[in-house]
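Below is one structure, written out as structure tokens, with a few remarks after it.
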Amino acid sequence: MTEAALLPLAVAIPLLGAALLAVAGRTLPRTGCDILATASATAEVVCLALLWPHSRHLATADLGGWPARLGIVLAADPIGAGLALLVAVLVLAVVVYSWRYFDEPAGEHAGAFPALILLFEAGMAGFALTGDLFDAFVFFELMGAAAYALTGYRIEDPRPLHGALAFGIVTSFAAYCSLFGIGMLYARTGELNLARLGLRLSSHPADVLTVVAFALICTALLVKAAAVPFHFWLPDAHAVAPTPVCMLMSGVMVELGVYGVGRVYWTVFSGPGGIPPHAFRTAFTALGVLTALLGALMCWQQRHLKRLLAFSTVSHVGLFLIGVALLTPSGVTGTAVYVAAHGCVKAALFALTGVLLDRYGSVDEHGLHGRARELRPVGVLFLTGALALAGLPPFGTGLGKALGEDAAGHWQPWLLPAVFVTASAVTGAAALRAGLRVFFGTGPVPHSRPGEEETTGEGEEPEIRSPERSLPLPMTVVPAVLLALAVLIGCLPAVAAALARAASVFTDPARYAAAVLAVPGTPPAAASTPAAGWTVAGVLLGLLSTVLAAALATAAVHHRGPSLSTRHWTVRAVRTLRRLHSGHLGDYLAWLALGLVTLCVALVTQI
Amino acid sequence: MGTWPYLAAGWVLLVALYGLVTSRNLIHAIGCLAVAQSSTYLLLLAVGYRRGATAPVYSDLTPGTRPVVDPVVQALALTDVVVGATVTALLLALTIQLRKRHRTVDPQALTGLKG
């Protein structure tokens, strides 16, 4: 099939599947719904796998037969198509994982959950493949609406509703800010097509309007990406969403925000009339460093396993942002490899946490101390995932981290690689600590900390209420397969090499414009493809962060830690930070506004 | 019209932000979200406005005889309305369910998630 047919199909297949499930779910038995959902998810994987080779030279489809200067285009470059493929693979994993999920609310609504998952998939695939700024907003809201509904899926319990409302209101407000920015940009240029926007903007010197429009558009993307201080919704939503939904949100939805920032910057704002590269690099690297360090610190503090994994996602997003902010093909290569492997590893870790929720109705690291000893294979998988999170070679996370460190080291030789090692070591250590305590009962039972601002993770509603049954096979097979995929990403040199070629296309706006606007003549050859293999330094740094993670986790499990008085400044600083995560909607929006103003000021002062 | 509609749109967005930050009622907060969205309608329509132009409907108009306002922003505003209606309906449904289960619509009374 040709690319002009495959591109719209990539959005249409999950939409059709969702519509079919919503209708047929009323009459079909549960197994029928599962088959239909799995078939749609598989068809989407096949469609995107067929699209992937076409995307090497940028596949485009003019919708409705209108040329790009009038109509709306879908455009797949290898990074966008690759992300859509990651979405499809994770959705397939989630659909298989949740075959036997939600046993009891079947009846008329057996198709509702997979239908919402497919709708979510359509939004994410569309966002990754669109070549039009307004369409990006529409797909953003489609994936948002599906995600809010999925987060609040367990409507019997007040906490999911709370998490879903905070998530929905914060993200939607940010999306309207973004639309405001799109309107300003349209007023300036009269275009919505990304490539044409970039061309038009080049003929006008950069001014405050361009910068404010860019900052507004970035607001929604940074909220989705959960960059500090736009991240507050994420741990709340992850703590309460059903486990399969967490797998998707942490695995790939959050990363789409980072992709959006990169896509919009390169296609629209990287020219002479946009944001100067040094301004973007400084502002977004600072944002990335802040996100990586704060995420790691908060991750270490958690005892609610899903919140712990959520903050580790925040921390890793910081590293992804740094990779993109370097504005080099090698930085994007590192982020691309890291995102692909991290998506698999994080989804696997959430899937294994779902097993705990299923067995014990709790995700509390302290309350579950030693209780899951009988689940030895699950425990081994969890520790493997934690080590992968810390960047252990030969996992793809280790390769992505090594490539990112190498690329960042060219600009800031010590600071940025240190941030990479710290963030991955601390988040990996937190997951290792939790795994050792819960599955192996290592060390003494931790003291509870009464009076602290924290979410414990006790008294969760088990998501599957039939405790007599044995553990469904997909719930352990799916995470094992995902971890194996993460190893493959690190081991197969072809994967990293393909992503390196993808990165050199992604960072070449002239080539994107030539392909989307169908300019006759051969597009200029891409700049040199960055190297994307293991190096000695990369392996050593990966081992270093793994050893650090293991040491930290062992120390935390066996010792009580230095007994600082509650008035020590570090203790007070951490307590203040935790208080900021108050769960209050108003606070979150105030932080959003502060972040937006800071971003505007940081960029305006540098043009 | 000059810059006034743009300033008004910006002002409406700020008003909505103030309402959202200080809100003690989720229904009110979702209303503020709708206000934030209205600022985008205002901006989009101001962008496409032309003095003395008419609606871009060619059923009763010979093309080229009269100036028309920009049809693109009208399509955008219409799409925006649909998107906003979906999100608002979903959030209101969640709020109703919250009121049923938790007996409150005050966001500050929700303390299940923190730290």
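A note on names: the letters A, B, ... follow the listed sequences, proteins ahead of strands, and every chain is numbered from 1.
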Contacting region of Ser39(B) [heavy-atom separation from chain A under 4.5 Å]: both
With Phe180(A), the side chain to side chain contact (heavy atoms under 4.5 Å, CB included) member among Leu185(A), Val212(A), Leu216(A): Leu216(A)
Stepwise side chain to side chain contact (heavy atoms under 4.5 Å, CB included) test for Phe139(A) and Met143(A): CA-CA 6 Å; Phe139(A) 282 124; Met143(A) 79 171 141; over 6 Å; no
Region of Ala93(B) that comes under 4.5 Å of a non-hydrogen atom in chain A: neither
For chain A, the option from Arg24(B), Gln108(B), Gln97(B), His102(B) that forms the most heavy-atom pairs under 4.5 Å: Gln97(B)
Tyr176(A) ring center near Phe173(A) ring center (under 6.0 Å): no
Verdict with supporting geometry, Leu585(A) and Leu26(B), side chain to side chain contact (heavy atoms under 4.5 Å, CB included): CA-CA 9 Å; Leu585(A) 183 63; Leu26(B) 278 167; 4.3 Å; yes
Step-by-step side chain to side chain contact (heavy atoms under 4.5 Å, CB included) determination, Phe311(A) to Leu294(A): CA-CA 9 Å; Phe311(A) 274 112; Leu294(A) 192 97; 5.9 Å; no
Main-chain N/O of Val82(B) paired to Thr86(B) side chain as donor or acceptor, under 3.5 Å: yes
Under 4.5 Å from a heavy atom of chain A, the part of Leu43(B) involved: side chain
Toward chain B, the part of Leu192(A) with a non-hydrogen atom under 4.5 Å: side chain
Pairs of heavy atoms under 4.5 Å with chain A: top-ranked of Val87(B), Leu76(B), Thr79(B): Leu76(B)
Worked verdict on Asp236(A) versus Arg307(A) for side chain to side chain contact (heavy atoms under 4.5 Å, CB included): CA-CA 7 Å; Asp236(A) 291 1; Arg307(A) 264 179 99 81; 3.0 Å; yes
Atom group of Leu44(B) that falls short of 4.5 Å from chain A, counting heavy atoms: side chain
Greatest number of heavy atom pairs closer than 4.5 Å to chain A - which of Val73(B), Leu33(B), Val47(B), Asp80(B): Leu33(B)
Part of Leu91(B) lying under 4.5 Å from any heavy atom of chain A: both
Point-to-point distance, once rounded to the nearest 0.5 Å, from OG1 of Thr130(A) to CG of Asn193(A): 9.0 Å
Pick from Thr104(B), Ile30(B), Leu13(B) with the largest number of heavy-atom pairs that fall under 4.5 Å of chain A: Leu13(B)
Proximal component of Phe232(A), with respect to chain B [non-hydrogen, under 4.5 Å]: neither
